[in-house]
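Comments concern the structure below.
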Amino acid sequence: MTVSAASTVTVRVLLFASYAEAAGQTSLTLTLPAPATVASAIRALRAQSARARLPERPLCAVNLAHARLDTPISTGDEIAILPPLAGG
Amino acid sequence: MTVSAASTVTVRVLLFASYAEAAGQTSLTLTLPAPATVASAIRALRAQSARARLPERPLCAVNLAHARLDTPISTGDEIAILPPLAGG
Amino acid sequence: MAFLTEQPLDLTPLVARVMSPERGGVACFLGVVRDHHDGRSVTRLEYSAYDAMAEAECERVVAEAEAKWDVRVALEHRTGRLEIGEVAVVIAAAAPHRDAAFMACRFVIEQVKRRVPIWKREYFLDGTSAWVAPRTAPQAVDRSAEAAPDAPTPEPASHTDWGV
Amino acid sequence: MAFLTEQPLDLTPLVARVMSPERGGVACFLGVVRDHHDGRSVTRLEYSAYDAMAEAECERVVAEAEAKWDVRVALEHRTGRLEIGEVAVVIAAAAPHRDAAFMACRFVIEQVKRRVPIWKREYFLDGTSAWVAPRTAPQAVDRSAEAAPDAPTPEPASHTDWGV
């Protein structure tokens, strides 16, 4: 995904497991002011869905890879908010 | 096997793999002056079978357990001289 | 190659995939569904995954192991409903030397637990169920407010009501 | 329970023997016949054992592992003729925690190599064969001539022609 020169960034946000249950949804679309980061997507998510009980610094992924909260995001990116992992 | 009060000790000695091939035999019976140890059995073996090319301090077992060269041996014991192990 | 499957796992084909006459040692690991968790009797589990990322992350973990050691690795993780005693994850690592096989196998299970986006819901004997929340869950890193990126400082404790 | 067999080894029944719902982790090891040794092409192997002692020693190794860790261990070693790529030894160690499973599995293969009286004859591509002699073979201990049994002194080098 190329970095957009537009004034907004539109991304898809995925929720899983306990976060999806709490929010009552597994995905939503967010439009954020540019430039945007994972952290600004999380702030917008909290504002939009008060039921999503996210921790202060949830584990996150961008486009299928783990990402930091300060990772920049662009229109078309897939952001995932990941509850504590329990595989293995 | 109880410790014999007799003046000699008679034991069975087993040879394996390269030692058996070099000696041309896989087992023999040795009668040693009492008290006897694994080391004295090995000395007698060398005297009796010059073809058994044993190292200075071969790995040994008495009655199916690893033994030291100074382990005492008694009539009826099974002594084994073990070439370098290669299992696993 | 799919790393996730809803079918029962079988170690044998994974071992066959990595074993070869140049690799004298194969180390394997199986993770088994336990009947207890935190003192409560568990009757069954439900594993769910962020499928696309879990596949990508498994592939990265295997690639990292194969880059770190002279080793070939096979990995499968089951999802969906699992009964007590069933196998949730299987790993096989084959190497010319057993040291590398053991280290790679251990590395892969630790990384899978730490990085692959899979969650499990436990169903208890008393009819309730809950998502498993490991006590030492990793947190996201945010270095945007830090002076030196190589010396991260812990963030102040949360004052919001969003905490876990 | 026999630890030695002339039949092809199969990991699956060993895993089944140790796995249980209280033991969440199973670590396994397979030793595979390699096609090379010291740069020479090997075509097949012949394993021979001091059967009675090998059985007793395997039993002791397993008992020691089960005493050191909260673990159940299964072990089998093949003897007789083996082809390249066949499995010579299999180990499965199941424990409530994977740390113990890995440590016990590793302990068992190391102890088997060090202590179980098994020998192998390698058959080479050029038609010759030889007993495998590991470079770091343990020697018998002889403390009869030592002053302090806890501080063994190396024996003087051999002056006989019996040396290896």
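Each chain gets a letter, A, B and so on, in the order its sequence line appears, and its residues count up from 1.
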State which residue, out of D/V90, D/V32, D/V87, fulfils the side-chain contact (heavy atoms from CB on, under 4.5 Å) condition with C/V26.
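Going through D/V90, D/V32, D/V87 one by one, the side-chain contact (heavy atoms from CB on, under 4.5 Å) with C/V26 is satisfied by D/V32 alone.
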For C/I109, is it the side chain, the backbone, both, or neither that has a heavy atom closer than 4.5 Å to a heavy atom of chain D?
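It is the side chain, since no backbone atom gets that close.
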C/V15 portion near chain D, given a 4.5 angstrom heavy-atom threshold:
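Side chain only.
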Can you tell me how far the CG atom of C/L11 sits from the CG atom of D/L30, to the nearest 0.5 Å?
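Those atoms lie 7.5 Å apart.
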For chain C and chain D, give me every donor-acceptor pair shorter than 3.5 Å, distances to one decimal.
from	atom 1	to	atom 2	distance (Å)
C/T12	OG1	D/T12	OG1	3.0
C/P21	O	D/D35	N	3.1
C/G24	O	D/V32	N	2.8
C/V26	N	D/L30	O	2.9
C/V26	O	D/L30	N	2.8
C/C28	N	D/C28	O	2.9
C/C28	O	D/C28	N	2.9
C/L30	N	D/V26	O	2.8
C/L30	O	D/V26	N	2.9
C/V32	N	D/G24	O	2.8
C/R34	NH1	D/P96	O	3.0
C/D35	N	D/P21	O	3.1
C/P96	O	D/R34	NH1	3.0
C/R98	NE	D/E110	OE2	2.9
C/R98	NH2	D/E110	OE1	2.7
C/R98	NH2	D/E110	OE2	3.4
C/D99	OD1	D/R106	NH1	2.9
C/D99	OD1	D/R106	NH2	2.9
C/R106	NH1	D/D99	OD1	2.9
C/R106	NH2	D/D99	OD1	2.9
C/E110	OE1	D/R98	NH2	2.7
C/E110	OE2	D/R98	NE	2.9
C/E110	OE2	D/R98	NH2	3.3

Between D/G85, D/C105, D/C28, the one whose heavy-atom pairs under 4.5 Å with chain C are most numerous
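If we count pairs closer than 4.5 Å to chain C, D/C28 comes out on top.
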Using a cut-off of under 4.5 Å on heavy-atom pairs, state which of D/G31, D/A101, D/P96 scores highest against chain C.
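Max contact count across the listed options: D/P96.
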